[in-house]
*Asks:* 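Next up is a structure, given as structure tokens.
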Number of protein chains: 2
Amino acid sequence: MPRRPDPERLAAWRLLLEAHAAVVDRLGRELEAECGLPLTWYDVLLQLSSAPEGRLRMRDLARAVLLSRSGLTRLVDRMETAGMVCREAHPSDGRGANAVLTPAGRAALRRAAPVHLRGIDAHFARHLSDADAAALGDALSRVVAAERDPA
Amino acid sequence: MPRRPDPERLAAWRLLLEAHAAVVDRLGRELEAECGLPLTWYDVLLQLSSAPEGRLRMRDLARAVLLSRSGLTRLVDRMETAGMVCREAHPSDGRGANAVLTPAGRAALRRAAPVHLRGIDAHFARHLSDADAAALGDALSRVVAAERDPA
DNA sequence: TGCCAGTAGTTGTTCCTGCAACGACCATGC
DNA sequence: GCATGGTCGTTGCAGGAACAACTACTGGCA
């Protein structure tokens with residue numbers, strides 16, 4: 001017989017869906033309004049800036065920003081047109097390409113980060129007690145890990 | 001000065017994004033593969049079935065499934081073509097329309113529900129302790145409530 | 001009664017995404 | 001050397017979503 005989640009956990013799942021939708025929507029709008037920057041662009045800039053030398057292989061960047069390879073190709077196209085990233089051939093793998101953060105991209109991230117972090121605090125973090133944050137981190141990291149390793 | 005979330009809460013936010021993406025993607029694929037039903041369709045069927053008489057105003061349904069009004073119009077178009085819902089004029093408000101669950105829609109939901117619930121258990125609920133579930137529900141309901149009431 | 005701001009649902013348009021397919025390239029086998 | 005299977009990034013294509021404009025209707029007010 002199929003295992004079903006109990007009502008408490010089912011409600012938790014539903015709440016996760018609602019909270020995600022509400023907060024992502026809000027953060028996206030705020031970032032767009034105050035910095036003219038889509039959330040996906042911010043994510044790319046952030047991932048690149050926290051990578052060594054501000055560059056990342058397309059494949060790895062796609063994984064980091066939770067996008068398909070083709071999706072990332074178009075996204076980097078747009079951001080390259082906007083001058084925030086550029087491409088370079090991979091030094092050792094002839095198939096590969098790196099996306100590289102440009103100074104303009106770094107500047108955009110510096111402008112956007114305070115806005116986004118303030119939003120995360122106001123719309124999410126502020127409502128979590130220390131215990132909540134710990135439990136959430138614990139539980140969700142197990143969920144993510146289980147999905148990564150189809151053990 | 002702008003308030004910034006501490007690293008622990010920031011990590012929790014990031015994990016929520018990753019868990020949401022991973023689990024929604026997985027659940028959607030499983031439902032599509034085993035029942036030929038997109039996740040959004042399931043959500044519509046579920047909301048309708050839990051409404052009195054299996055009918056809901058378009059506006060309310062749109063809110064319930066976290067979609068824009070225009071998005072819901074097209075979605076109901078597709079589902080109506082598939083015979084799972086139908087529209088009827090609202091009895092008292094000449095502007096309004098109700099989406100109504102058909103027998104076929106009810107049957108599809110009955111087939112899909114076990115699959116989906118099993119998935120929620122396997123990919124999400126199973127990884128939560130009782131305390132985790134309680135903390136998650138508590139915290140996320142506060143987040144959602146705060147977003148609903150711009151207090 | 002007639003007017004009119006507000007709301008409901010639909011439609012046109014545009015944007016973004018994933019899938020499938022493709023050429024280029026790597027790596028391992030013979 | 002060179003075939004072969006696999007990976008990387010890109011592209012054609014189709015589907016789904018949001019925004020804004022539009023029509024139809026409501027409800028309050030003079």
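All chains are named by letter (A, B, ...) in the order of the sequence lines, taking the proteins before the strands, and each is independently numbered beginning at 1. Keep in mind the model is a prediction, meaning the values are calculated, not measured.
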*Asks:* Please state how far atom CZ in B:Arg59 lies from atom P in C:dT10, giving the value in whole angstrom units.
*Replies:*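 About 14 Å, once rounded to whole Å.
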*Asks:* Scan A:Arg69 against the nucleic acid and name what it touches under 4.0 Å (heavy atoms): base, sugar-phosphate only, or nothing.
*Replies:*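 Touches a base.
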*Asks:* Expressed in angstrom and rounded to an integer, what is the separation of A:Leu66 atom CG from C:dG18 atom C1'?
*Replies:*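 Nearest whole value for this atom pair: 15 Å.
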*Asks:* Can you tell which of A:Leu16, A:Leu15, A:Leu128 makes a side chain to side chain contact (heavy atoms under 4.5 Å, CB included) with B:Val143?
*Replies:*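 Result: among A:Leu16, A:Leu15, A:Leu128, A:Leu128 is the only option passing the side chain to side chain contact (heavy atoms under 4.5 Å, CB included) with B:Val143.
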*Asks:* For B:Leu31 and B:His116, work out which heavy atoms get closest and say how close.
*Replies:*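 Looking at all heavy atoms of both residues, the shortest contact is CD1-CB, 4.2 Å.
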*Asks:* Measure CG/B:Asp25 against P/C:dT17 and give the value in whole Å, please.
*Replies:*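 Taking CG of B:Asp25 and P of C:dT17, I get 14 Å after rounding.
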*Asks:* Are B:Glu32 and B:Leu39 close enough that some pair of their side-chain heavy atoms sits under 4.5 Å apart?
*Replies:*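 SC-SC contact between B:Glu32 and B:Leu39 ruled out.
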*Asks:* What is the separation between atom CD on B:Glu80 and atom P on C:dT10, rounded to the nearest whole Å?
*Replies:*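 Rounding to the nearest Å, CD of B:Glu80 and P of C:dT10 are 9 Å apart.
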*Asks:* What are the two closest heavy atoms between B:Leu67 and B:Leu75, and how far apart are they?
*Replies:*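 Shortest heavy-atom separation between B:Leu67 and B:Leu75 comes out as CD2-CD2, 3.8 Å.
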*Asks:* If you pin A:Arg29 and A:Met58 to their nearest nucleotides in DNA chain D, which one's is more 5'?
*Replies:*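 Its nucleotide being nearer the 5' end, the pick is A:Met58.
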*Asks:* Could you tell me how far apart B:Leu67 (CG) and D:dG15 (C1') are, to the nearest whole angstrom?
*Replies:*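 Result: 14 Å.
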*Asks:* Any donor-acceptor pair under 3.5 Å between the side chain of A:Ser70 and the base of C:dC19?
*Replies:*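 Pair found.
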*Asks:* Under 3.5 Å, is there a donor-acceptor pair linking the side chains of A:Glu30 and A:His123?
*Replies:*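 Side-chain D/A pair, A:Glu30 to A:His123: present.
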*Asks:* On DNA chain D, compare the nucleotides closest to A:Leu72 and B:Thr40; which residue's is nearer the 5' end?
*Replies:*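 Its nearest nucleotide being more 5', the pick is A:Leu72.
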*Asks:* Calculate the interatomic distance between A:Glu32 atom CD and D:dA18 atom P; express it in whole Å.
*Replies:*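 One finds 15 Å between P of D:dA18 and CD of A:Glu32, rounded.
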*Asks:* Answer yes or no: does a side-chain N or O of A:Arg95 lie under 4.0 Å from OP1 or OP2 of D:dG6?
*Replies:*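 Answer no for this pair, as no side-chain N or O of A:Arg95 is under 4.0 Å from OP1 or OP2.
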*Asks:* What is the distance from CG of B:Asn98 to P of C:dG9, rounded to the nearest Å?
*Replies:*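 Distance, rounded to whole Å: 8 Å.
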*Asks:* When you measure from the side chain of B:Ser68, which nucleotide among D:dA18, D:dA17, C:dT10 comes out closest?
*Replies:*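 The answer is D:dA18.
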*Asks:* Is the distance from OP1 or OP2 of D:dG16 to the nearest side-chain N or O of B:Arg74 less than 4.0 Å?
*Replies:*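 Negative; the distance criterion is not met.
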*Asks:* With nearest nucleotides of DNA chain C determined for B:Arg63 and A:Gly71 from heavy-atom distances, which residue corresponds to the more 5′ nucleotide?
*Replies:*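 Of the two residues, B:Arg63 wins.
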*Asks:* For A:Leu39 and C:dC15, give me the distance from atom CG to atom C1', rounded to whole Å.
*Replies:*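 In whole Å, C:dC15 C1' and A:Leu39 CG are 16 Å from each other.
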*Asks:* If you assign each of B:Gly96 and A:Leu75 to its closest nucleotide in DNA chain C, which residue comes earlier from the 5' end?
*Replies:*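 Upstream on the strand: B:Gly96.
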